[in-house]
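What you see is a predicted model, and the numbers here were worked out from it, not measured in a lab. Convention: sequence-line order gives letters A, B, ...; per-chain numbering from 1.
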2 protein chains.
Amino acid sequence: MSMLSPIPVREIGLKHLRQACSSCSLRELCLPLGLSPDEMHAVDALVSQGKPIKRGEALYRAGEPFRSLFAVRLGFFKTSVVSEDGREQVTGFHMTGDLIGMDAVSTDFHTCDSIALEDSEVCELPFADMEELARKIPSLQHHFYKVMSREIVRDHGVMLLLGNMKAEERIAAFLLNLSQRFALRGYSSSSFHLRMTREEIGSYLGLKLETVSRTLSKFQDQGFIKVQNRLIELIDQDALRHLVSNCPG
Amino acid sequence: MSMLSPIPVREIGLKHLRQACSSCSLRELCLPLGLSPDEMHAVDALVSQGKPIKRGEALYRAGEPFRSLFAVRLGFFKTSVVSEDGREQVTGFHMTGDLIGMDAVSTDFHTCDSIALEDSEVCELPFADMEELARKIPSLQHHFYKVMSREIVRDHGVMLLLGNMKAEERIAAFLLNLSQRFALRGYSSSSFHLRMTREEIGSYLGLKLETVSRTLSKFQDQGFIKVQNRLIELIDQDALRHLVSNCPG
DNA sequence: GCGAGCTGTTGAGCCAGATCAAGGCAAAAC
DNA sequence: GTTTTGCCTTGATCTGGCTCAACAGCTCGC
């Protein structure tokens with residue numbers, strides 16, 4: 001809760017705080033623009049809202065059968081894959097409005113774990129039903145193609161980061177990316193709370209937690225940011241941007 | 001041409017060696033199984049076959065408007081993204097039967113370059129038309145979701161490799177992956193020709209070309225493989241597999 | 001057939017980031 | 001309110017892969 005919160009709560013059932021996509025302020029993040037009232041209603045009928053996930057709990061785990069995509073309504077998730085020999089790679093951090101689970105379409109089983117990093121709430125989009133509905137609503141069909149494509153593009157960006165960038169550049173890029181995503185959701189872009197540990201940041205960026213810690217301290221010494229545990233304040237975003245795009249030497 | 005070649009050539013037009021998906025031996029790689037003859041015919045009507053791309057030429061480049069996905073019919077491609085400051089990251093190598101260009105759906109512009117590493121041929125799948133057809137053919141709609149999802153899973157695998165593995169493990173994984181993909185297409189899994197330079201391998205794996213070269217030499221010294229320029233022979237696949245899954249220490 | 005580039009190999013030395021180690025702090029548990 | 005536990009920071013040292021450099025072998029154009 002805070003700047004983003006204004007999701008009007010409308011009670012429909014007893015068990016659920018059931019709440020329609022049509023009245024959700026995150027609509028434009030999860031769904032295509034320009035749905036007619038009828039179409040919107042059809043979507044509402046399929047999506048179940050407001051499933052709570054406690055901090056530390058898994059929304060799903062690798063190997064579980066796939067049924068639904070999930071939209072993060074509130075909170076923060078990490079997704080990660082684990083190799084046979086037990087090494088974890090965080091593949092993404094996901095916040096309000098993000099759609100997750102697309103990797104599971106390929107095999108009908110989830111291929112990664114999705115863990116809540118704070119108390120969260122998700123909406124469930126049964127994929128088979130959505131696919132059927134998408135056949136009647138071209139923009140919905142296209143939307144899902146787009147969402148998956150966007151994930152591919154994002155992954156390519158991470159590959160670029162992991163394959164080419166130095167520790168400082170990675171961290172700077174990471175902070176700027178978070179900042180931008182918070183801004184897009186109406187939160188402050190210059191001051192935010194990290195939901196993940198240094199180790200999780202490191203796993204995502206291909207670094208050890210000590211390197212993450214040291215680099216943040218260094219940025220603080222240089223006056224680029226202020227770090228206080230998980231509270232980050234960006235003081236000089238331009239300096240960070242400069243680091244990301246000018247480092248190659 | 002060689003073991004995979006038996007695509008019967010059937011002339012339809014004068015300009016094109018037009019050839020139907022319905023009679024293409026790669027069908028099961030590009031298209032869903034179980035299409036009816038009518039459905040197959042509808043697909044044939046949309047897909048234009050046999051566009052040749054010379055070695056070194058671009059199939060498309062980042063920034064170009066998106067119109068179609070492409071199926072590699074013959075040959076070998078690399079795709080790569082370039083950062084603002086000019087660093088290249090190879091995001092994938094693509095061979096016969098692979099579908100490429102999915103990243104472009106998100107913005108309607110291509111986000112990466114696709115370069116032929118040998119003389120190649122592609123089929124063009126106009127995406128808007130395919131989407132429309134997919135509304136009438138559920139399995140086709142699902143197929144494209146699956147293909148994109150598979151790309152996401154693959155990318156997560158690369159992220160794991162780039163984030164966690166050592167040089168030797170990366171190279172071993174790379175060789176095994178190529179081997180497996182050649183096998184799937186009816187080529188030898190133990191002896192193949194690399195279509196890419198050491199530098200391109202390095203870019204894909206987040207290593208410098210010297211490291212790639214050294215590691216291949218080392219594997220040869222250890223008797224795991226035989227290297228003769230771009231010709232690779234896998235002598236002891238188990239040793240390579242062992243490297244990939246047992247290295248963490 | 002011959003020279004000019006690419007492409008690949010190998011060596012020597014160096015450095016960014018990993019590893020190992022020791023504490024400190026803050027929130028949760030008891 | 002104290003202990004526990006997990007998370008973070010910082011220092012010292014080590015090393016895998018990078019950098020720089022020299023050269024060898026192919027391939028392609030002429």
Q) Base, sugar-phosphate, or nothing for Arg230(B), non-hydrogen atoms under 4.0 angstrom? A)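 Counting heavy atoms under 4.0 Å across all strands, the contact made by Arg230(B) is with sugar-phosphate only.
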Q. Quick one: ring pair (Phe, Tyr, Trp, His ring centres under 6.0 Å) partners of His110(A), sequence neighbours excluded?
A.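 By the ring pair (Phe, Tyr, Trp, His ring centres under 6.0 Å) rule, His110(A) matches Tyr60(A), Phe66(A).
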Would you list the atom pairs, donor with acceptor, under 3.5 Å between side chains in residues 220-234 of chain B and any protein atom, with sequence neighbours excluded?
| from | atom 1 | to | atom 2 | distance (Å) |
| --- | --- | --- | --- | --- |
| Gln220(B) | OE1 | Val227(B) | N | 2.9 |
| Arg230(B) | NH1 | Arg195(B) | O | 3.3 |

Q. Are any non-hydrogen side-chain atoms of Val153(A) and Arg150(A) less than 4.5 angstrom apart?
A. no
Q. Would a 4.5 Å heavy-atom cut-off, applied to side chains only, mark Thr96(B) and Leu26(B) as touching?
A. yes
Q. Considering the terminal five base pairs at each end of the helix from dG1(C)-dC30(D) to dC30(C)-dG1(D), what angle separates the two local helix axes, rounded to 10°?
A. 50°
Q) Taking the six-membered ring for Trp, are the ring centroids of Phe93(B) and Tyr204(B) within less than 6.0 Å of each other? A) yes
Q.
Going 5' to 3' along DNA chain D, which are the first and last nucleotides with any atom under 4.0 Å from a heavy atom of chain B?
A. dG17(D) to dC20(D)
Please report the interatomic distance [atom1]([X]) to [atom2]([Y]), rounded to the nearest 0.5 Å.
X: Thr91(B); Y: Asp155(B); atom1: OG1; atom2: CG; answer: 7.5 Å
X: Met95(A); Y: Leu178(A); atom1: CE; atom2: CG; answer: 5.0 Å
X: Ser179(B); Y: Gln237(B); atom1: OG; atom2: CD; answer: 4.0 Å

Q: Please find the earliest and latest nucleotides of DNA chain C, in the 5' to 3' direction, that have an atom within less than 4.0 Å of any heavy atom of chain B.
A: dT7(C) to dA12(C)
(Q) What residues from residues 191-210 of chain B pass a heavy-atom cutoff of under 4.0 Å to DNA chain D? (A) Gly206(B), Leu207(B), Lys208(B), Glu210(B)
Q: Look at Arg185(A) together with Asp98(A) and state whether they make a salt bridge at an N to O cut-off of under 4.0 Å.
A: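 Answer for the salt bridge query: yes.
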Q | Earlier contact from the 5' end, DNA chain C, for Thr211(B) and Ala167(A) | A |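 Whichever sits nearer the 5' end wins; that is Thr211(B).
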Q: Could you tell me whether a side-chain N or O of Glu199(A) sits under 3.5 Å from a main-chain N or O of Lys208(A), the two making a donor and an acceptor?
A: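 It does not hold such a pair.
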**Q.** Ser188(B) side-chain N/O to Ser190(B) backbone N/O, donor-acceptor pair under 3.5 Å
**A.**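 Checked: pair present.
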Q: Could you walk me through whether Arg61(B) and Asp113(B) pass salt bridge (charged side-chain N to carboxylate O under 4.0 Å, His left out), step by step?
A: CA-CA 4 Å; Arg61(B) 288 199 175 273; Asp113(B) 296 348; 3.2 Å; yes
Q.
Testing the 3.5 Å rule here: is there a donor-acceptor pair between the side chains of Glu88(B) and Ser80(B)?
A.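 The answer is yes; a qualifying pair exists.
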